[in-house]
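Contents: one structure, followed by commentary.
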Amino acid sequence: MASDTHMGNSPAQRPSGAAAASEFAIELIKINKSFGPVHANKDIDLAIRRGSVHGIVGENGAGKSTLMSILYGFYTADSGEIRVDGTTHAITDSRHALALGIGMVHQHFMLVDNFSILENVVLGVEDNALLGPSLTRARKELVRLAKEYRLDVDPDAIIEDVSVGTQQRVEILKALYRGADVLILDEPTGVLTPSEADDLFRVLKELRDQGKTIILITHKLREIMAITDYVSVMRQGEMVATLKTSETDPGAIAELMVGRRVLLEVDKGPATPGEVFLSVENLVVKDDLGITRVKDVSFTVRSGEIVGIAGVAGNGQSELLESVSGMRDQSSGVVSLKGKPLSLEGDDGAHRAREAGLAHVPEDRQRMGLVTAFEEWENAILGYQDDPAYGKGWILDIDAARAKARERIAQFDIRPANERLKTANFSGGNQQKIVLAREMSSNPDVLIVGQPTRGVDIGAIEFIHNQIIKMRDAGKAILLVSVELDEIRSLADRILVMFDGHIVGEADPATATEGELGLMMAGISEKTAPAPKAAEGKTK
Amino acid sequence: MSALRPLPRWADILLLPIINLVLAFVISGLVVLAIGQNPLAALEAIVGGAFGSGYNFGYTLYYSTNFIFTGLAVAVAAHAGLFNIGGNGQAYIAGLGVILVALPLQFLPWWITFPIAILAGAAVGGFWAFIPGWLQAKRGSHVVITTIMFNFIAAAIMVYMVVNVLKPAGVLAPESAMIDPAGRMPKLGTFIPWFKNTDVNFTLLLALLCLVGVYVLIWHTRFGYTMRALGHNPTATTYAGISNSRTIMIVMTLSGALAGMVAVNQIVGVQYRLVLDYVADAGFVGIAVALMGRNHPIGILFAALLFGALYQGGNELQYVIPGLSKEMVVVIQALVILFTGAMEGMFRPGLQRAFMLLSPAQKAEAEARNTAKSES
């Protein structure tokens, strides 16, 4: 089996790689790949130093994933050369890549939910038809890996019972068990809580110090700065630069990514809050399993202000959003819009919320906000399909809907500008723009936004933030929920912190430090800061 | 494995089914050969039996009429993500509604009875599918399970009704009274002599209207939009404020109503009475028709024609070649269903590879067509 040969020589190698045949674990030379008219990779050169953490950044659609898929054998390059340990290989499929010591941890885990961790690790690389010997061997190996890399897991835990962070650890263990010397991680922190992400970074550093080579695909600059030794920047299918991380800074990388200067700080004027538009009183919400996730929450959002809800993912924010927007029934409590209580019961509650003037940009655009199999224009009317603008009576006026969609494509700079393109073929940032365009165009009084920039590239983040501020300045009430504390701090005029289903505190983004907020998010400080007058707003 | 580009649309809806069909016929030919008969002669008998004359074609169209209805029933539900395999039971029990209006109105002219029978068949067939729809929407019982159960319940009810309620006293055969000749609908042969006295009747026109109606419903109405959204992503419809339970119940009712039109064809158009098992598994053939027709009305029209031809040609086959029994015909039909329905995607990867080799330009075109497909 491949693992034996590769396992043998890896621990000896140190970051400088003096003893190896080549100082580079992976070399990609003049890689080209096209999909129809799209040139996804243009003459890409990339050398990954052995025993380093090498970040690859770029906006969505820059070609990072294509490049890694070529290395991992999912795609075959149209032209170019791949060298592993200095020798040229034509990698035909992922099994071949694994045999060469290249392992991949995908963004979406490939685990069997009702199998134990041990069984998942062994799956596909059993020694023979009898499972027993393989499991015994794997158990020993897991103990060894746990010791060597401090990757502790309970081998008998069932996947669906363990946290997302642990599941990701299992994916890493799977790759190591199969003898990977080079680990490719595709957007690994997208699904993790901040503390899980910190833990992942610790593991990655440990792996690097033991001689493994890590390739990290991401578009979060913070992660690049925190963990990588080298960073390569891709833009529109081309490799723009490869830099030593210690010799660069986030601003420079961001500029390379988008090809122009980027404002990482949000530029906004002071808020001018008016009357209360959205008020939530004593809201209690249960999740699908019947567990109470929102516990007696009350707050208000005034016109012309952005109220941000900060918190670690999974503390009831999702249920709060779904309930206020009418998707999920509330157990008790009242949601009022401009003083009028909303009736949100039943599975068409979201329709009544929309009619009352409440628009919702959901947290998970692919699962909720879009029908990805639909064409763009069809998604541009989702939730507004009964609007008189799109036809009379029963009939849907397709031409009117498409014309409207084209208008918004221009207005929100959605690319590609083709309303007949399947929504799944748009990048994450452009999908988010489709949702935003739809919800903002309905001219609501209240806009609820969940994770507005999750999985969105930097160029689009700036645009989306500006649109949200524009809505605020137009006198709308905006409720923003994000797990990105930076985003909340830069956008919100008032911050509420949610922990274990409660609002545990309120803070003024102008004065609150990251440390204070972090303590509240961890549920440590229960005190409610004497709320600064919302009207004071904030000036930058 | 490298990524495969989607096929050009014409290859997807035309070339692929034809390849599957040819393969089904080749294997059928081998079976025919194995029992010592000439496959070419058998093919000639089937094609001739289905299309050889106005008489033959008339019967082909009669069978196709049923298959259009049941195919549409499956397709409408499928667009909303529901698998209605109870078309057989819905078509069967709809006969109760049809005969219960057709018998009292039998002295009126047929063109008055006909639309009323359509409404009655649609109402009863729709009701029979509404119950599983309601059970899924409100109680979470899966329609695949409930509709198949409802097939059995329908069969039992129909036996009881025919034997104990509808059968006139003194008649031995388990069937209802005949509609008075004055109130019977004339067959198409009356107006188009080419069809002779075959069973094809005005219900065929109803079937064609339903094809158009379903096309408009699915791609040009607000409700069609909501049902397609539900079929693709039920969470997104909840987000959009569309009541999923309401959509499920309406779609199932529509689906059952379409299946119920088989009863109109059989009772008002052909048999002038209610007999047992008159549906003759048309409900199940409808699943294959919808599958082969990709749930699109145009595809369903051609698939229904194909299966109609197989039924009619197969019937003729046993007379033309006595060595081939009726069972042999069932084998051929089963092979066609197997290759065009169950194994419909078998050649797709190979065909996609072949197309990708042709030219990069074709790849780009395929991409573009794929994106512009949903309503054509």
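By convention in this document, chain letters (A, B, ...) are assigned in the order of the sequence lines, proteins followed by strands, and residues within each chain are numbered from 1.
In terms of modelled atom types and a separation under 3.5 Å, the side chain of B/His296 and the main chain of B/Ile298 share a donor-acceptor contact. Between the side chain of A/Asp93 and the backbone N or O of A/Phe74 there is no donor-acceptor pair closer than 3.5 Å. At distances below 3.5 Å, at least one donor-acceptor pair connects side-chain atoms of A/Asn41 with backbone N or O atoms of A/Gly63. Of the possible donor and acceptor atoms, one in the side chain of A/Thr423 sits under 3.5 Å from a partner among the backbone N and O of A/Phe374.
For A/Glu419, no part lies under 4.5 angstrom from a heavy atom of chain B. Contact annotation for A/Arg354: only side-chain heavy atoms (C-beta onward) come within less than 4.5 Å of a heavy atom of chain B. Neither the backbone nor the side chain of A/Arg95 comes within contact range of chain B; no heavy atoms are under 4.5 Å apart. Of the atoms belonging to B/Thr226, it is side-chain heavy atoms, and not backbone ones, that fall under 4.5 Å from chain A. Using a 4.5 Å cut-off between heavy atoms, A/Glu376 makes no contact with chain B at all. Only the backbone of A/Leu370 comes within less than 4.5 Å of a heavy atom in chain B; its side chain stays farther off.
For the set B/Val216, B/Leu217, B/Thr237, B/Asn233, the count of heavy-atom pairs under 4.5 angstrom toward chain A peaks at B/Asn233. Most heavy-atom pairs under 4.5 Å with chain B: of the set A/Gly391, A/Gly349, A/Gly326, this distinction falls to A/Gly391. Interface remark: of the candidates A/Ile381, A/Asp397, A/Ile70, A/Asn379, A/Ile381 forms the most heavy-atom pairs closer than 4.5 Å to chain B.
With respect to A/Arg328 and A/Asp288, a salt bridge is recorded, a charged nitrogen being found less than 4.0 Å from a carboxylate O.
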> Can you check ring-ring contact (aromatic ring centres under 6.0 Å, His included) on B/Tyr215 and B/His220, steps first, answer last?
Replying inline: CA-CA 8 Å; B/Tyr215 174 83; B/His220 289 275; 5.6 Å; yes
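The 12-atom threshold is not exceeded at CZ of A/Arg415, counting heavy atoms of other residues, nucleotides or ligands nearer than 6.0 Å.
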